[in-house]
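As the structure is a computational prediction, the values presented were derived from the model and not from experiment. Computation of the quantities below employed the complete heavy-atom set of this structure, encompassing side-chain atoms and omitting hydrogens, waters and symmetry-equivalent molecules. First the proteins, then the strands, lettered A, B, ... as listed; each starts at 1.
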Number of protein chains: 2
Amino acid sequence: MTKRTSELDSFDQKILDVLAVDGRISVTALASKIGLSKSPVQARLKRLEDNGVIRGYRALFDPIRLGRNHIAFVEVKLDDTRETALNAFNTAILRVGEVEQCHMIAGAFDYLLKVRTTDMAAYRAVLAEKISTLPHVSNTSTYVAMQTIKEDGMLATPVRP
Amino acid sequence: MTKRTSELDSFDQKILDVLAVDGRISVTALASKIGLSKSPVQARLKRLEDNGVIRGYRALFDPIRLGRNHIAFVEVKLDDTRETALNAFNTAILRVGEVEQCHMIAGAFDYLLKVRTTDMAAYRAVLAEKISTLPHVSNTSTYVAMQTIKEDGMLATPVRP
DNA sequence: TATGAAATAATCCTACT
DNA sequence: AGTAGGATTATTTCATA
């Protein structure tokens, strides 16, 4: 190949910059913003999408207006940290809609979750019924967010009854 | 008023569901997906945007392909938790591009940050030069993510040199 | 990469259910 | 509130230079 597929020149970077702010912008407007005509922009866009650099496009929702303003971070420890146990937990956590993020952590605990619900009561239900019962969970510590200083918004749709 | 502006019926919910997955879908396609004709869908879409329920649209990027695969969570304690100190910190943290999320936490520490960088070296630089020097920061604890189990993707553009 | 033509879609409208 | 259709403008898509 003549060049690595993931190399991005300054036009690609500009495209990403614009799409990070307005994912619904038209190719025409995008082209004029970055100073190129439509065709190459369309080709570049397609390449970035096919490449996997651009994963997709999402609407961003206001958690407050959707009544899902309760955020908690949960440290989770497992009673078994062998591969099979970790895999079982990883698979199970994907199915819990209220869990927005889940990272395996190096250090004192095993996982850090970010959980979004409507309120504290809903959070307690999610913790008791969905998180605590996941495979190999031995204990959890919850830290409730009092205020969100920085966060792009909600990417998932609200969980409906 | 005849009804609350933020009430969402099942069509609105369907619209949000679709846009959560494909933020770039055309109004025509959206209309046929939710089983309504164009006019009402366009009106609803406009209402949801004007309402603030839909905050905007973003492209989602693959952190790995962009070489920004290092995620750390940072607990931050301040030496002063009075309003003015908190406000100073809140304002300052918004300017640190590598900080994706910042929440004020009820409990043992004051803030929890999520920081994304290219690698550990970059993280150390951000911690030392950008986070530790923010107003009223007294100490920090870092937890490095070993693996991302659940996360929608990157919303910001990569920080370029 | 640019340009221009044809197909498609968005936007706005009116009339009707 | 929603449907259906038409008119206008904008955009995508594709061919060609």
Side-chain angles (χ1 to χ4, degrees), chain A residues 1-62 65-67 153 155 157-158 160-161, chain B residues 1-62 65-66 153 155 157-158 160:
Chain A
M1 61 188 87
T2 57
K3 75 171 174 184
R4 289 190 29 222
T5 55
S6 55
E7 273 185 46
L8 306 178
D9 67 13
S10 74
F11 285 117
D12 290 327
Q13 295 284 6
K14 280 186 196 167
I15 290 174
L16 298 183
D17 284 344
V18 173
L19 290 175
V21 174
D22 181 6
R24 237 179 129 78
I25 194 173
S26 71
V27 178
T28 314
L30 214 172
S32 82
K33 269 213 175 192
I34 70 164
L36 233 53
S37 62
K38 299 157 205 183
S39 317
V41 172
Q42 227 167 19
R44 283 163 181 272
L45 195 54
K46 181 164 166 39
R47 199 193 70 230
L48 290 167
E49 289 167 349
D50 293 348
N51 262 355
V53 171
I54 296 174
R55 274 196 185 177
Y57 303 89
R58 307 282 175 86
L60 236 69
F61 306 120
D62 184 343
R65 305 217 58 140
L66 291 172
L155 282 166
T157 43
R160 291 187 295 286
Chain B
M1 58 188 90
T2 57
K3 75 171 174 182
R4 291 196 21 228
T5 55
S6 55
E7 273 185 45
L8 306 179
D9 66 13
S10 73
F11 285 118
D12 290 328
Q13 295 284 6
K14 280 186 197 167
I15 289 174
L16 298 183
D17 283 345
V18 173
L19 290 175
V21 174
D22 181 6
R24 246 180 120 78
I25 193 171
S26 72
V27 178
T28 314
L30 181 61
S32 81
K33 267 213 175 190
I34 70 166
L36 234 53
S37 59
K38 302 169 208 173
S39 319
V41 171
Q42 231 169 17
R44 282 164 181 273
L45 194 53
K46 181 164 167 40
R47 200 192 69 229
L48 291 167
E49 288 167 349
D50 293 349
N51 261 354
V53 171
I54 297 175
R55 274 196 186 178
Y57 303 88
R58 305 284 175 88
L60 237 69
F61 305 121
D62 184 344
R65 305 217 58 140
L66 291 172
L155 283 166
T157 43
R160 292 187 294 286

Nucleotide of [options] approaching [X] most closely (side-chain heavy atoms):
X	options	answer
A:Ser37	D:dT12, C:dA9, C:dT1	C:dT1
B:Arg44	C:dA2, D:dA1, C:dA10	D:dA1
B:Arg24	D:dT12, C:dC12, D:dT3	D:dT12
A:Pro40	C:dA2, C:dT11, C:dA9	C:dA2

Check the distance between [N]'s [atom2] and [X]'s [atom1] and give it to me in whole angstrom.
X	N	atom1	atom2	result
B:Lys14	D:dG2	NZ	P	12 Å
A:Ile15	C:dT1	CD1	C1'	13 Å
A:Asp9	C:dT1	CG	C1'	13 Å
B:Gln42	D:dT9	CD	C1'	13 Å
A:Leu45	D:dT12	CG	P	9 Å
A:Lys38	D:dT13	NZ	C1'	11 Å
A:Leu30	C:dT1	CG	P	14 Å

Hey, does the side-chain of A:Ser39 have a donor or acceptor N/O within less than 3.5 Å of a partner on the base of C:dT3? yes
Under a 4.5 Å cut-off applied to non-hydrogen side-chain atoms, are B:Ile54 and B:Leu45 in contact? yes
Below the 4.0 Å mark, does C:dA10 have OP1 or OP2 next to a side-chain nitrogen or oxygen of B:Ser26? yes
